[in-house]
Q: 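Structure in structure tokens, see below.
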Amino acid sequence: MGELLDELLQIALMYLPAMVSNASPVFLKRGTPIDFGRNFVDGKRILGDGKTWEGFLLGMWFGITVATSLWVGTEDFRYFLYGSMGSLGALLGDMFFSFIKRRIGLPRGAPFPLGDQLDFFLGATALMVASGWRPQAFPWLVMAFVIVMLHVMTNRIAYWLGLKDVPW
Ligand SMILES: CC(C)=CCC/C(C)=C/CC/C(C)=C/CC/C(C)=C/COC[C@@H](COP(=O)(O)O)OC/C=C(\C)CC/C=C(\C)CC/C=C(\C)CCC=C(C)C
Ligand SMILES: Nc1ccn([C@@H]2O[C@H](COP(=O)(O)OP(=O)(O)OP(=O)(O)O)[C@@H](O)[C@H]2O)c(=O)n1
Ligand SMILES: [Mg+2]
């Protein structure tokens, strides 16, 4: 049992930079759209106004800061490597799901159940695994559930705090 808890804690720490990089752009109210307002071939916005360069940079800044702190704290470079890749992957995954939402005609901020919760997690996981991270399957699955719960909870907190105009 101790083994499993150890692995779970390690995975949670490995994802902390991605969680922070996904959460920090919420503090921004406006910015320069990553798609510069341009439409895709289908006549709809490529990403929409919810994805800005400022949000991307702020997310990367906070994500890498947390990844660096974990590296210093644990003296294990892998937290920096996988944490930073996770931060980038979280932001890219979020952008990818926004791209999908626009393609299926969902306006900015429209709910996309499970997609809104897992977009950053899947993007982060893709880049972390691509850079060599190999978590154990079962604890990783448990973490996926924890992340979805955490996401629902923190989005409600962000909504109550007036950081988001939708609670998802
Ligand atoms: C790390 C573990 C296992 C537990 C942490 C305990 C916990 C529940 C902390 C809550 C954090 C909190 C009080 C947040 C309040 C305000 C806030 C920043 C909410 C962000 O919610 C928005 C959402 C992004 O929306 P989107 O996905 O639709 O784009 O964030 C998604 C939530 C997560 C990524 C999972 C949980 C996030 C964290 C544990 C990190 C908390 C992040 C911050 C406190 C913001 C970091 C910002 C700065 C200025 C460093
Ligand atoms: N790269 C990013 C990601 C997020 N945000 C900010 O964080 C908020 C919440 O992000 P998210 O819920 O992913 O965006 P939505 O507004 O829901 O837009 P979408 O429908 O595309 O998800 C966005 O409104 C935006 O203000 C940002 O500025 N830049
Ligand atoms: Mg969203």
Side-chain angles (χ1 to χ4, degrees), residues 5-34 47-99 101 108-109 111-112 114-135 139-168:
L5 278 183
D6 248 8
E7 180 68 14
L8 271 179
L9 178 69
Q10 223 186 43
I11 293 177
L13 282 181
M14 214 49 104
Y15 276 109
L16 200 54
M19 291 195 267
V20 169
S21 71
N22 181 69
S24 38
V26 157
F27 292 96
L28 294 173
K29 274 291 154 250
R30 66 199 63 73
T32 319
I34 287 178
L47 296 177
D49 291 331
K51 303 298 143 209
T52 66
W53 287 106
E54 293 84 348
F56 182 82
L57 293 173
L58 187 75
M60 281 311 290
W61 174 257
F62 280 120
I64 291 176
T65 304
V66 171
T68 307
S69 317
L70 287 171
W71 175 20
V72 169
T74 62
E75 292 175 2
D76 181 344
F77 176 71
R78 285 174 304 171
Y79 281 100
F80 177 77
L81 173 66
Y82 302 144
S84 307
M85 294 305 279
S87 298
L88 178 60
L91 292 160
L92 294 178
D94 184 48
M95 285 161 57
F96 176 69
F97 272 77
S98 290
F99 177 78
K101 285 169 77 173
R108 174 209 168 162
F112 190 47
L114 269 189
D116 282 335
Q117 286 72 31
L118 289 174
D119 54 3
F120 84 96
F121 179 73
L122 296 175
T125 306
L127 286 204
M128 289 160 83
V129 168
S131 53
W133 188 50
R134 294 290 178 274
W140 179 79
L141 261 182
V142 171
M143 192 63 203
F145 278 108
V146 167
I147 288 277
V148 171
M149 246 80 81
L150 256 184
H151 190 283
V152 171
M153 195 166 57
T154 50
N155 268 274
R156 289 227 189 309
I157 297 171
Y159 177 67
W160 288 328
L161 293 177
L163 288 168
K164 285 193 94 172
D165 39 16
V166 288
W168 47 76

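This structure is a prediction, so every number in the text was calculated from the model and none was measured.
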Q: Between the side chain of Asn155 and the main-chain N/O of His151, is any donor-acceptor distance below 3.5 Å?
A: yes
Q: Could you tell me whether a side-chain N or O of Gln10 sits under 3.5 Å from a main-chain N or O of Glu7, the two making a donor and an acceptor?
A: no
Q: Kindly give the heavy-atom pair with the smallest separation between Ser98 and Leu47, and that separation in Å.
A: CB-O, 3.9 Å
Q: Of all heavy-atom pairs between Pro135 and Trp140, which one has the smallest distance, and what is that distance?
A: CG-CD1, 3.9 Å
Q: Under 30°, 30 to 60°, or over 60°: which ring-plane class applies to Phe80 and Trp71, parallel, tilted or perpendicular?
A: tilted
Q: Can you tell me how far the OG atom of Ser21 sits from the CZ atom of Phe120, to the nearest 0.5 Å?
A: 8.0 Å
Q: Measure from the side-chain N and O atoms of Gln117 to the backbone N and O of Met149, and report whether any donor-acceptor pair falls under 3.5 Å.
A: no
Q: If I compare all heavy atoms of Met19 with all of Ile147, which pair ends up nearest, and what's the gap?
A: SD-CD1, 3.7 Å
Q: CG/Leu91 to NZ/Lys51 distance, rounded to the nearest 0.5 angstrom?
A: 9.0 Å
Q: Would you say that Leu122 contacts Phe97 through its side chain, given a criterion of any heavy-atom pair below 4.5 Å between the two side chains?
A: yes
Q: Between Lys29 and Leu163 (side chain of the first, backbone of the second, donor and acceptor by atom type, cut-off under 3.5 Å), is there such a pair?
A: yes
Q: Any donor-acceptor pair under 3.5 Å linking the side chain of Asn22 with the backbone of Ala18?
A: no
Q: Hey, could you give me the CD1/OG distance between Ile64 and Ser69, rounded to the nearest 0.5 Å?
A: 11.5 Å
Q: Report yes if some heavy atom in the side chain of Leu150 is under 4.5 Å from a heavy atom in the side chain of Met153; otherwise report no.
A: yes
Q: Any side-chain donor-acceptor pair under 3.5 Å between Thr125 and Tyr15?
A: yes
Q: OH of Tyr159: more than 12 outside heavy atoms within 6.0 angstrom?
A: no
Q: Which heavy atom in Leu8 sits nearest to a heavy atom in Met143, and how many Å separate them?
A: CD2-N, 4.4 Å
Q: Taking all atoms of both residues into account, what is the closest heavy-atom pair of Gly109 and Trp168, and its distance?
A: O-NE1, 2.9 Å
Q: Just wondering, do Leu88 and Phe56 contact through their side chains at under 4.5 Å, heavy atoms?
A: yes
Q: Using a 6.0 Å cut-off, check whether atom CZ of Phe145 has over 12 heavy atoms from anything other than its own residue.
A: no
Q: Are there over 12 heavy-atom neighbours, none belonging to Phe112, within less than 6.0 Å of that residue's CZ?
A: yes
Q: Let me confirm one number: the CD1-CG distance from Ile11 to Leu16, rounded to the nearest 0.5 Å.
A: 13.5 Å
Q: Measuring from Tyr82:OH to Leu70:CG, what's the distance to the nearest 0.5 Å?
A: 14.5 Å
Q: How far apart are the closest heavy atoms of Thr52 and Ile34, and which atoms are they?
A: C-CG1, 3.5 Å
